[in-house]
Undergrad: 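Let me give you the structure first, and then I'll get to my questions.
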Amino acid sequence: MKKIIVCGGRPLNGKISVGGSKNAALPILFACILTNGISKIVNMPDIGDVRVAIEIIRAFGAKVDRFGDTVYIDTRNLSYVRPNPEHVSSIRASTYLIGSCLSRFGECDILPFGGCNFSLRPIDMHIDACISLGAQLDGEKIVAPRLRGAEINFNKASVGATVNAILLAASAEGQTVIDGCAIEPHIDALIDFLNSCGAQIVRECRRISIVGKRLHGGNTRIIGDMIEAGSYLALGLLCGGDLKALDSPIEDMHSVFDAFLRLGASVVAEAGELSVKMIRSKPLFISASPYPGFPTDLQPIFAPLMAKKCGGEIIDEVWPERFGYLHSLSDLGIRWNLNGNRATIYFSEIHCGKTAAPDLRGGMACLMAALCSSGQSEIYSAEVILRGYENLEQKLCAIGADIKIEDI
Ligand code: UD1
């Protein structure tokens, strides 16, 4: 267990670098299981979820070496072993074991796949995709002696189910067409990596066509993390000062920029440096929806910003119940009301206090609220925040924050 001690109320100044995207890195790591060879992956974030994913693939016999932000993964000698349930239950991306293990080994245990518990997180679409390609449920396992290409129709855009369908089809026999797929930038990042491994995958709008191939090792650079970038930009507005985010995936962030503009800020992107400045704040309405909509992972991050400025409303169409974090924000003075899937955030006197991080992004929202209020705050269960933010203490202290992360 960890806690973050925050002495808040300081402006944040300078440049903060944005690392590789968590949600791009994780499917690519699990996709290595499909390949037979050595892959080189650059800009791999060193965050909790990535460390767990690497432990999971090492257990199958993968050789994983990290040099700075570059990771080499040798998957020439793999064999199936039941994954460690503790690892599997700590990250959501462990669901990608279903597609990758069925493809490589013809079997996968159905385990308590984990991640943030902000809502029930069903895997029915993942299982349906497996069954479409010829897999069968067998007790607590799913098995497929051979996978054959098929037509898959998703009736909602699911990142995880789209990733698994790609992993299943990439080396299945014949052709697969996936309709209704998610189109997040990390879906294209996975496709690019698999194509570098010899796959034949093309995405056009919400349709992905795949011809199954034998895959060798590949090369890729993990795209920048738009959620980390959006978090730091919001933090800069919240705390004041002159903060610039480096290495942001600017082209993926239109919906985020639009939210900053509607909040009354200006967004400046110059020579790869991104900054937002408040001009005249206005109440903000956010409706989180699948890409290219406003990302659900950033709606908790915008809640303290709304509370500090003019208030606003949040609807989440992806995870309608993703508002548990508001209870933790109450400990820091943020006032809100929840009516079904609509949260009203009131202008609030945010103050220091003690609270617990409820999940990764909700925990970051608590840390942000603590950073913008004078006095000492303590955020407990902080390890959950480190699942998705790299070198958090060093990065924030370098721009003028006063935080210390301690083991408890
Ligand atoms: C991924 C991200 C998470 C992000 C989410 C939405 C990772 C590791 N996690 O989660 O950070 O919040 O995308 O952008 O990349 N659904 C079903 N049945 C299924 C699967 C999903 O009904 O079998 C529904 C979910 O309940 C949800 C919606 O589809 O309402 C979207 O979920 P999905 O995109 O699958 O989220 P994850 O892949 O779990």
Side-chain angles (χ1 to χ4, degrees), residues 20-31 45 47-50 52-53 56 87-100 110 112-132 142 152-168 178 180-190 206 222-223 225-228 230-231 252 255-256 286-301 314-325 341 358-365 384-385 387-389:
S21 158
K22 168 176 97 66
N23 289 349
L26 294 168
I28 287 171
L29 282 170
F30 285 100
I47 50 177
D49 275 23
V50 161
V52 174
I56 292 174
H87 287 153
V88 165
S89 62
S90 67
I91 63 169
R92 184 64 190 167
S94 57
T95 49
Y96 302 151
L97 284 169
I98 298 174
S100 53
I110 304 288
F113 302 111
C116 293
N117 286 321
F118 42 68
S119 178
L120 274 182
R121 299 182 78 173
I123 56 165
D124 55 308
M125 293 166 63
H126 304 235
I127 301 295
D128 288 349
C130 298
I131 289 170
S132 299
I142 184 155
I152 297 174
N153 263 293
F154 288 135
N155 58 12
K156 87 168 64 150
S158 158
V159 173
T162 301
V163 168
N164 261 328
I166 293 171
L167 297 179
L168 289 162
I178 309 167
C181 67
I183 57 168
E184 268 68 2
H186 33 286
I187 297 292
D188 286 344
L190 172 65
R206 292 197 181 268
I222 303 294
I223 57 174
D225 194 317
M226 67 165 148
I227 308 301
E228 189 188 9
S231 302
D252 300 334
S255 65
V256 183
I286 281 177
S287 178
S289 61
Y291 191 85
F294 184 86
T296 166
D297 289 352
L298 277 179
Q299 63 91 345
I301 302 293
I314 305 174
I315 288 181
D316 195 324
E317 292 171 18
V318 182
W319 308 106
E321 297 149 26
R322 189 176 190 166
F323 292 109
Y325 69 87
N341 71 342
D359 57 53
L360 165 53
R361 306 302 169 187
M364 185 61 173
V384 77
I385 306 175
R387 285 183 39 208
Y389 292 90

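Quick note: numbers below take in every heavy atom, side chains included, and nothing from hydrogens, waters or symmetry partners. In listed order, ligands and their atoms are each counted from 1.
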Undergrad: Considering both backbone and side-chain atoms of Val318, is one of its nitrogen or oxygen atoms within less than 3.5 Å of a nitrogen or oxygen in ligand 1?
TA: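 So ligand 1 has an N or O lying under 3.5 Å from an N or O of Val318.
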Undergrad: Please work out, at 4.0 Å between heavy atoms, whether the side chain, the backbone, both, or neither of Arg92 comes within that distance of ligand 1.
TA: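 Side chain only; the backbone of Arg92 stays clear of ligand 1.
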Undergrad: Checking a contact table here: which protein heavy atom is nearest atom 5 (C) of ligand 1, and how many Å away?
TA: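 Ranking protein heavy atoms by distance from atom 5 (C) of ligand 1, first comes Trp319 NE1, 3.9 Å.
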Undergrad: Tell me: protein heavy atom nearest atom 1 (C) of ligand 1, and distance?
TA: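 Atom 1 (C) of ligand 1 sits closest to the protein heavy atom Val159 CB, 4.0 Å.
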Undergrad: Taking the non-hydrogen atoms of Phe154, is any one of them nearer than 4.0 angstrom to ligand 1?
TA: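 Phe154 does not count as a contact of ligand 1 under the 4.0 Å cut-off.
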Undergrad: Heavy-atom contacts with Arg322 under 4.0 Å: which atoms of ligand 1 show up? List them by number with element.
TA: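 Answer, ordered by atom number: 12 (O).
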Undergrad: Phe30 versus Ile56: any side-chain heavy-atom pair under 4.5 Å?
TA: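 In contact.
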Undergrad: Return the closest protein heavy atom for atom 11 (O) of ligand 1 as residue, atom name and distance.
TA: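 Scanning the protein heavy atoms, the shortest distance from atom 11 (O) of ligand 1 goes to Asp297 OD2, 2.7 Å.
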Undergrad: Please classify the Ile123 to ligand 1 contact at 4.0 Å (heavy-atom distances, strictly less than): side chain, backbone, both or neither.
TA: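 Looking at Ile123 and ligand 1, just backbone atoms fall under 4.0 Å.
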Undergrad: Identify the protein heavy atom lying closest to atom 29 (O) of ligand 1, giving its residue, its atom name and the separation to 0.1 Å.
TA: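 Among all protein heavy atoms, the one nearest atom 29 (O) of ligand 1 is Lys156 CD, 3.4 Å.
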Undergrad: Search all heavy atoms of Ile222 against all heavy atoms of Ser21 and return the closest pair with its distance.
TA: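 So the two residues come closest at CG2-N, 3.4 Å.
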Undergrad: Do the non-hydrogen side-chain atoms of Tyr325 and Gln299 ever get within less than 4.5 Å of each other?
TA: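 Side-chain contact under 4.5 Å: yes.
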Undergrad: Does the side chain of Arg322 come within less than 4.5 Å of Pro300's, by heavy atoms?
TA: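 Of all side-chain heavy-atom pairs linking Arg322 with Pro300, at least one is under 4.5 Å.
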Undergrad: Under 3.5 Å between any N/O of His186 and any N/O of ligand 1: does that happen in this structure?
TA: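 Checking ligand 1 against His186, no N or O pair falls under 3.5 Å apart.
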Undergrad: Would you mind checking which non-hydrogen protein atom is closest to atom 38 (O) of ligand 1, with the distance to 0.1 Å?
TA: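 It is Gly160 N, 2.8 Å.
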Undergrad: Could you find the nearest protein heavy atom to atom 10 (O) of ligand 1 and give me its residue, atom name and distance?
TA: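 In this structure, atom 10 (O) of ligand 1 has Arg121 NH2, 3.2 Å as its nearest protein heavy atom.
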Undergrad: Do Val88 and Phe113 have side-chain heavy atoms sitting under 4.5 Å apart?
TA: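 Yes, their side chains come closer than 4.5 Å.
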Undergrad: If you define the side chain from C-beta out and look only at heavy atoms, does anything of Leu26 sit under 4.5 Å from Val50?
TA: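 Yes, at least one pair of side-chain atoms sits under 4.5 Å.
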Undergrad: Using a 4.0 Å heavy-atom cut-off, which part of Arg361 comes near ligand 1: side chain, backbone, both, or neither?
TA: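 The answer is neither; Arg361 stays 4.0 Å or more away.
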Undergrad: Quick check on side chain to side chain contact (heavy atoms under 4.5 Å, CB included): which of Val159, Thr162, Asn23, Val163 does Glu184 satisfy it with?
TA: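 When Val159, Thr162, Asn23, Val163 are each tested with Glu184, the side chain to side chain contact (heavy atoms under 4.5 Å, CB included) holds only for Val159.
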Undergrad: Just by modelled atom types, is the Arg361 backbone N or O under 3.5 Å from a matching donor or acceptor in the Asp297 side chain?
TA: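 Checking the backbone N and O of Arg361 against the side chain of Asp297, no donor-acceptor pair under 3.5 Å is found.
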Undergrad: Given 3.5 Å as the limit, does a donor-acceptor pair link the side chain of Arg92 with the main chain of Arg121, or not?
TA: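 Yes; at least one donor-acceptor contact below 3.5 Å.
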Undergrad: Does ligand 1 have a heavy atom under 4.0 Å from the side chain of Phe113, from its backbone, from both, or from neither?
TA: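 Neither part.
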Undergrad: Search all heavy atoms of Trp319 against all heavy atoms of Thr296 and return the closest pair with its distance.
TA: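 Of all heavy-atom pairs spanning Trp319 and Thr296, the closest is CD1-OG1, 3.3 Å.
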Undergrad: Below 4.5 Å, heavy atoms only, C-beta onward: do Lys22 and Glu228 meet side chain to side chain?
TA: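 Side-chain contact under 4.5 Å: no.
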Undergrad: Are Pro122 and ligand 1 in contact, using a heavy-atom cut-off of under 4.0 Å?
TA: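 Pro122 counts as a contact of ligand 1 under the 4.0 Å cut-off.
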Undergrad: Checking a contact table here: which protein heavy atom is nearest atom 21 (C) of ligand 1, and how many Å away?
TA: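 Its nearest protein heavy-atom neighbour is Ser158 OG, 3.6 Å.
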Undergrad: If you measure every N or O of Ala161 against every N or O of ligand 1, does any of those distances drop under 3.5 Å?
TA: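 Between Ala161 and ligand 1 (N or O atoms, distance only) the closest approach is not under 3.5 Å.
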Undergrad: Starting from atom 14 (O) of ligand 1, find the nearest protein heavy-atom neighbour and note its residue, name and distance.
TA: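 Of the protein heavy atoms, Thr296 CG2, 3.7 Å lies nearest.
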